[in-house]
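Taking it in order: structure first as structure tokens, then the write-up.
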2 protein chains.
Amino acid sequence: MNQAEREMLPSRRIADALRRSIAERTFRPGDRLPSERDLAARYRTARNTAREAIGLLQAEGLVDVRHGKGAFVRRQTPMIRLGADRYSNRVRRETGLSPFRAEAQRQGKTARVDVPEIGRIKPPTDVAARLNVPEDDLSVVARVNHYFADDDPVQIGITYIPWAIAEGSVLATEAKTGTGSIYARFEELGHRITRAREEITARMPRPDETVALAIPPGVPVVEVLHTGIDQEGRAFEVTRFVMRADLNGLDYDLPVED
Amino acid sequence: MNQAEREMLPSRRIADALRRSIAERTFRPGDRLPSERDLAARYRTARNTAREAIGLLQAEGLVDVRHGKGAFVRRQTPMIRLGADRYSNRVRRETGLSPFRAEAQRQGKTARVDVPEIGRIKPPTDVAARLNVPEDDLSVVARVNHYFADDDPVQIGITYIPWAIAEGSVLATEAKTGTGSIYARFEELGHRITRAREEITARMPRPDETVALAIPPGVPVVEVLHTGIDQEGRAFEVTRFVMRADLNGLDYDLPVED
DNA sequence: AGCCAGCAGTGGCTTAAGCCAGTTGTACGC
DNA sequence: GCGTACAACTGGCTTAAGCCACTGCTGGCT
């Protein structure tokens, strides 16, 4: 019943028909779908219902709806892949850039970094746990990164560093020079990054992220919680970053242990 | 204007108020929100508008709506993490299971495998490219996996193997015995998995995936394209799997190369 | 005690109508 | 020739009303 009835629902029927037309390339990427009023007339339903159908396609990421213009079949955008060499010390040495910024460069894109917040803050519990910091005891420095590709914001992130490491001039210097020299400071203090742990999930964006990343409706974000680990197994840096899932991917080259 | 006006829209106003109440824990995880009719009366709007507001929260993954019962603040479900030891040869040797199945066991969950399709098929272009197979030349065997945790479907996937490897009895045997011995066959033919490449992205589920994985509205899926690479750098197996993003995460332990 | 029918409350979906706002082409006036 | 105002399109959002299906409780019957 459920299945059969679902097929009968006008909004689903219209959505299905449009979806099929897109799959069969009757409507091709970039094409405009019939207007809501057209669809309503054609399927003898209320405009609301036709609108609902288009809303479903939008939620699936199949179409882009533009106020005053219409609903357009979304082009298959080639994804910007974040490469597996993101955490190579060689890249870091040669470029002097922090990993994400190096990545942005490697992609041949312009990158900018904003440092709007520097100071001692209380880290979220999951970050505190990964840094082995008693949550209410030691504070952490946060640095906010914005990455852009051709002026489109691609990624926003925040790095948490124990205050002991941040103290001194590292962050202030970095903010001034924009050289991303934070890893130099890490090495001064005896932390050489040896392993990284990355925990990955995806979710729908929060409203602020929708704005910051200019995310169209229906597009999820990938969230990565990155932990940098030094030669003695100590976690000394945690970065949480969020990126649009439709323009980005993660690409890992994993050794298989014996 | 945009910002101010957006605040004025009744549906946004209601959604904002509810979102704030949830953040302030006036409504806690598991609590039921006021009914659509209640909200409409309280905010002096039509029921449709209150419904729209709840729809927004649902799309953000904040609430679960249950027919006949109400809208409930979603509990923070502890994610089932797919561990970093997924591709250890040791795991494979000791358990005799294929990696994903080993993982499902490691999590202490029941796992089942369906093998509804076995045969020569034409692989999608991206798979053909990763197996270095001329797309229209060599066919590929597909195996469909379903993984369950406590009877809830968690992951669906399909593995593509060049016909030369699949030929013989491997897949049929596996289907019969359920022992996941496919890696034994790989080794017979001189392919020992040494590296894996994983390409990760996220998107909204397709309708069939919504059904297969019982995905609530507003929850994205994580899609992984896994390529197994042998000791000579040859790709010999590609698996594409999809999982609910709200119950699962990927967890990588990455060596940082020098 | 146990079952079951009915009722009240919930969300699911639709219709019909209207007003607002962004977009684009055109006809008119200078 | 140019520009401006308008008309005719587009989607955005809301109201008001109704019917359906699912849920859970309650009270009455066996």
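Within every chain, numbering begins at 1; the chains are lettered A, B, ... in the order of the sequence lines, protein sequences first and strands thereafter.
Under 4.0 angstrom from either OP1 or OP2 of D:dT14 there lies no side-chain N or O belonging to B:Thr45. OP1 and OP2 of C:dC13 both lie 4.0 Å or more from every side-chain N or O belonging to A:Thr49. Close to D:dC13, at under 4.0 Å from its OP1 or OP2, lies no side-chain N or O of B:Ser11. Look at A:Arg12 and you'll find a side-chain N or O under 4.0 angstrom from OP1 or OP2 of C:dC13. Dashed line: the shortest gap from a side-chain N or O of B:Ser35 to OP1 or OP2 of C:dG9 is not under 4.0 Å. Taking 4.0 angstrom as the limit, A:Lys69 places none of its side-chain polar atoms (N or O) nearer than this to OP1 or OP2 of D:dG11.
A donor-acceptor pair under 3.5 Å is formed between the side chain of B:Arg130 and the backbone N or O of B:Asp126.
Between the side chains of B:Ser21 and B:Thr26, no donor-acceptor pair of N or O atoms lies under 3.5 Å. For the residue pair A:Thr201 / A:Glu199, no side-chain donor-acceptor distance below 3.5 Å is found, with atom types taken as modelled.
In this entry the distance linking CZ of B:Arg47 with P of D:dC19 reads 13 Å, nearest Å. Between the CG atom of B:Leu33 and the C1' atom of C:dG9 there is a distance of 16 Å, given to the nearest Å. Remark: P of C:dT14 and CD1 of A:Ile14 are 8 Å apart, rounded to the nearest angstrom. Between the P atom of D:dG12 and the CG atom of B:Asn48 lies a distance of 16 Å, rounded to the nearest Å. Between the CG atom of A:Leu9 and the C1' atom of C:dT15 there is a distance of 14 Å, rounded to whole Å. At whole-Å resolution of the value, CD in B:Glu36 and P in D:dT14 are 14 Å apart. Atom CZ of B:Arg13 is separated from atom C1' of D:dC13 by 15 Å (rounded to the nearest Å). Rounded to whole Å, atom P of C:dG22 lies 19 Å from atom CG of A:Asp64.
Because its NZ or CZ atom is not both nearer than 6.0 Å to the ring centre of B:Tyr252 and within 45° of the ring axis, A:Arg197 does not count as a cation-pi partner of that residue. A cation-pi arrangement is present between B:Arg66 and B:Phe72, with the terminal nitrogen or guanidinium carbon under 6.0 Å from the aromatic centre and inside a 45° cone about the axis.
If you check distances only, the side chain of B:Arg37 does reach the base of C:dG11 with a donor-acceptor pair under 3.5 Å.
The stretch residues 50-63 of chain A touches DNA chain D through A:Arg51, each having a heavy atom under 4.0 angstrom from the strand.
For B:His67, the side-chain atoms get nearest to C:dG11 when compared with the rest of D:dG12, D:dT14, C:dG11.
By the salt bridge (charged side-chain N to carboxylate O under 4.0 Å, His left out) test, B:Arg47 is found to be paired with B:Glu36, residues two or more places apart in sequence or in another chain being considered.
Each of A:Arg44 and A:Gly68 was matched to the nucleotide of DNA chain C holding its nearest heavy atom; the match closer to the 5' end belongs to A:Arg44.
Contact annotation: the side chain of B:Val73 never approaches that of B:Leu62 to less than 4.5 Å [non-hydrogen atoms, C-beta and beyond].
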